[in-house]
Amino acid sequence: MSRFRLGLTGSIGMGKSTTAALFAAEGIPVWDADAAVHRLYAPGGMGVAPVATLCPSALRDAGIDRTALRDWIATAPTALPRLEAVVHPLVAADRDAFAAQVSDGIVVFDIPLLFEKGTEARMDATLLVTAPAALQRQRVLSRPGMTEAQFALMLSRQMPDAEKRARATHIVETLSIDQTRAYVQALIAYLRSAHA
Ligand SMILES: CC(C)(COP(=O)(O)OP(=O)(O)OC[C@H]1O[C@@H](n2cnc3c(N)ncnc32)[C@H](O)[C@@H]1O)[C@@H](O)C(=O)NCCC(=O)NCCS
Ligand SMILES: Nc1ncnc2c1ncn2[C@@H]1O[C@H](COP(=O)(O)OP(=O)(O)OP(=O)(O)O)[C@@H](O)[C@H]1O
């Protein structure tokens with residue numbers, strides 16, 4: 001089977017990381033965009049200098065402090081697009097370097113902003129993880145330090161779930177681990193048979 005790129009996405013708290021781990025447990029290589037950003041922000045990361053130039057207050061212990069960055073983003077509507085303009089090309093380079101290492105079989109790309117940034121055009125198929133809004137809200141608000149305002153702000157920055165459902169080639173509701181694991185296993189089998 002030649003390389004098959006599966007874009008995994010979903011709004012905050014919908015189950016991307018958990019579902020990505022289910023693919024990894026089946027032996028599927030997974031690239032995680034949020035993890036790539038953490039690497040870029042860590043001391044020695046490629047993102048430290050450019051982000052610190054943009055937001056000097058975020059430079060802390062030779063790395064980028066996300067809390068300071070989050071506070072800076074709240075100061076102006078232009079802040080996040082300016083940050084993305086610096087970070088996203090570095091994330092894309094990390095993604096392409098990962099993809100180049102895998103020559104065949106299914107590869108999963110866990111990308112929160114897959115649809116928001118049109119990255120689905122670089123994928124062979126897309127899987128949306130989703131859940132009822134009330135469950136999403138309960139999950140996110142149960143996180144330490146998360147507030148209603150923060151949740152609303154993050155949701156406002158992400159494409160509505162209904163729009164993502166209309167664009168995804170595959171959709172799974174993350175209601176139980178067993179049910180999602182069964183879905184992941186069936187999807188892997190289907191993709192291997194359909195694209196052998
Ligand atoms: C804005 C930042 C500082 C907030 O960091 P913090 O640790 O508080 O939140 P975290 O990173 O866990 O993100 C919380 C939620 O927002 C999502 N998110 C992250 N960046 C963005 C963004 N630019 N637009 C919309 N949602 C985003 C995440 O996927 C997650 O669902 C951080 O997310 C960041 O640096 N984002 C810019 C880089 C980026 O766009 N990352 C997404 C790559 S697809
Ligand atoms: N299939 C599932 N069944 C039951 N609970 C799930 C499932 N998938 C995820 N969850 C729960 O939902 C919460 C959010 O999951 P996860 O962190 O994977 O979401 P995410 O989309 O990666 O979130 P973020 O966008 O904030 O990174 C976690 O508490 C997790 O235990």
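For ligands, and for the atoms within them, numbers begin at 1 and follow the listed sequence. Quick caveat, the model's predicted, so the values are computed rather than measured.
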Checklist outcome for this item: Checking heavy-atom distances from atom 37 (C) of ligand 1 to each of Leu83, Thr119, Val37, the winner is Leu83

Checklist entry - Backbone N or O of Ala99 within a donor-acceptor pair of the Arg3 side chain at under 3.5 Å? => result yes

Next on the checklist: Please check whether Gly10 reaches ligand 2 - meaning an N/O of the residue sits under 3.5 Å from an N/O of the ligand, judged on distance alone.
Outcome noted: no

Checklist entry - What is the ring orientation for Phe4 with His195, classed by angle as parallel under 30°, tilted 30 to 60°, or perpendicular over 60°? => result tilted

Checklist entry - What do we get for Thr67 next to ligand 1 when only non-hydrogen atoms under 4.0 Å count, side chain, backbone, both or neither? => result neither

Next on the checklist: Looking at Ser11, is its backbone amide N or carbonyl O close enough to the side chain of Lys16 to form a donor-acceptor pair, meaning the two atoms are under 3.5 Å apart?
Outcome noted: yes

Next on the checklist: Heavy atom to atom 8 (N) of ligand 2, shortest distance: which of Thr18, Thr180, Leu8, Thr19 holds it?
Outcome noted: Thr18

Item to check | Protein contact of atom 21 (C) of ligand 1 - nearest heavy atom, named by residue and atom, plus distance | outcome: Leu113 CD1, 4.0 Å

Checklist entry - Where the side chain of Thr126 meets the backbone of Glu120, is there a donor-acceptor pair that is under 3.5 Å apart? => result no

Next on the checklist: Using only atom types and a distance under 3.5 Å, with no angle test, would you say the side chain of Asp124 pairs donor to acceptor with the backbone of Arg5?
Outcome noted: yes

Checklist outcome for this item: Ranking Phe151, Tyr41, Phe109 by closest non-hydrogen atom to atom 36 (N) of ligand 1, top hit is Tyr41

Checklist entry - What protein heavy atom is closest to atom 1 (C) of ligand 1, reported as residue, atom name and distance in Å? => result Ile73 CD1, 3.5 Å

Checklist entry - By number and element, which atoms of ligand 1 are closer than 4.0 Å to a non-hydrogen atom of Ile12? => result 15 (C), 31 (O)

Checklist entry - Would a 4.0 Å cut-off, counted as strictly less than, catch a protein heavy atom around atom 34 (C) of ligand 1? => result yes

Checklist entry - Can you list the ligand 2 atoms lying under 4.0 Å from a non-hydrogen atom of Ser11? => result 21 (O)

Checklist entry - Identify the closest protein heavy atom to atom 20 (P) of ligand 2: which residue and atom is it, and at what distance? => result Lys16 N, 3.5 Å

Checklist entry - Mind checking whether Glu84 has an N or O less than 3.5 Å away from an N or O of ligand 1? => result yes

Checklist entry - Could Glu116 and Arg157 be called an ion pair, given the rule that one side-chain N must be under 4.0 Å from one carboxylate O? => result no

Checklist entry - Protein heavy atoms: any of them under 4.0 Å from atom 28 (C) of ligand 2? => result no

Item to check | Options Arg139, Gln179, Met14, Gln136, ranked by nearest heavy atom to atom 4 (C) of ligand 2, top entry | outcome: Arg139

Next on the checklist: Against ligand 2, does Ala21 come closer than 4.0 Å with any heavy atom?
Outcome noted: no

Checklist entry - What are the atoms of ligand 1, with element, lying closer than 4.0 Å to any heavy atom of Pro112? => result 29 (O), 44 (S)

Checklist entry - So is Arg157 polar-close to ligand 1, meaning N/O to N/O under 3.5 Å? => result no

Next on the checklist: Using only atom types and a distance under 3.5 Å, with no angle test, would you say the side chain of Thr18 pairs donor to acceptor with the backbone of Gly15?
Outcome noted: no

Checklist entry - Do Pro132 and Leu175 touch side chain to side chain, with heavy atoms closer than 4.5 Å? => result yes

Next on the checklist: Heavy atoms only, cut-off 4.0 Å: how does Leu114 contact ligand 1, side chain, backbone, both, or neither?
Outcome noted: neither

Checklist entry - Tell me: protein heavy atom nearest atom 26 (O) of ligand 2, and distance? => result Arg143 NH1, 2.6 Å

Item to check | Main-chain N/O of Asp104 paired to Ser2 side chain as donor or acceptor, under 3.5 Å | outcome: no

Next on the checklist: Atom CE of residue position Met146 - does it have more than 12 heavy atoms of other residues, nucleotides or ligands inside 6.0 Å?
Outcome noted: yes

Checklist entry - Is any side-chain heavy atom of Cys55 less than 4.5 Å from a side-chain heavy atom of Leu69? => result yes

Checklist entry - So do Ile188 and Gln185 actually touch side chain to side chain, heavy atoms under 4.5 Å? => result no

Checklist entry - Hey, does Arg66 have a side-chain heavy atom less than 4.5 Å from the side chain of His38? => result yes

Next on the checklist: Please report whether atom 29 (O) of ligand 1 has a protein non-hydrogen atom at a separation of less than 4.0 Å.
Outcome noted: yes

Item to check | ligand 2 atoms in contact with Ile12 (distance to a heavy atom under 4.0 Å) | outcome: 25 (O), 26 (O)

Item to check | Lys117, portion touching ligand 1 at heavy-atom distance under 4.0 Å | outcome: neither

Item to check | Exercise check, heavy-atom protein proximity under 4.0 Å to atom 44 (S) of ligand 1 | outcome: yes

Checklist entry - Right, does atom 16 (P) of ligand 2 have protein non-hydrogen atoms nearer than 4.0 Å? => result yes

Checklist entry - Sub-3.5 Å donor-acceptor pair from the side chain of Gln179 to the main-chain atoms of Glu173, do we have one? => result yes

Checklist entry - At what distance is the nearest protein heavy atom to atom 39 (C) of ligand 1, and which residue and atom is it? => result His88 NE2, 3.5 Å

Checklist entry - Which option out of Gln158, Glu116, Met154, Arg66 puts a heavy atom nearest to atom 5 (O) of ligand 1? => result Arg66

Item to check | Whether Asp61 side chain and Gly63 backbone form a donor-acceptor pair below 3.5 Å | outcome: no

Checklist entry - Using heavy atoms and a threshold below 4.0 Å, how should the contact between Asp34 and ligand 1 be classified: side chain, backbone, both, or neither? => result side chain

Item to check | Closest approach of any protein heavy atom to atom 19 (O) of ligand 2, naming residue and atom | outcome: Gly15 N, 3.1 Å

Item to check | Between Thr9 and Lys164, a side-chain donor and acceptor under 3.5 Å | outcome: no

Checklist entry - What is the nearest protein non-hydrogen atom to atom 8 (O) of ligand 1, stated with its residue, atom name and distance? => result Arg70 NH1, 2.4 Å

Item to check | Proximity flag Pro112 to ligand 2, non-hydrogen atoms under 4.0 Å | outcome: no

Item to check | Contact atoms of ligand 2, heavy-atom distance to Leu175 under 4.0 Å | outcome: 3 (N), 4 (C)

Item to check | Distance flag for atom 16 (O) of ligand 1, protein heavy atom under 4.0 Å | outcome: yes

Checklist entry - Has the side chain of Gln158 got a donor or acceptor atom that lies under 3.5 Å from a matching backbone atom of Ile12? => result yes

Checklist entry - Is the shortest N/O to N/O distance between Asp34 and ligand 2 below 3.5 Å? => result no

Checklist entry - Among side-chain atoms of Arg139 and Thr174, is any donor-acceptor pair under 3.5 angstrom? => result yes

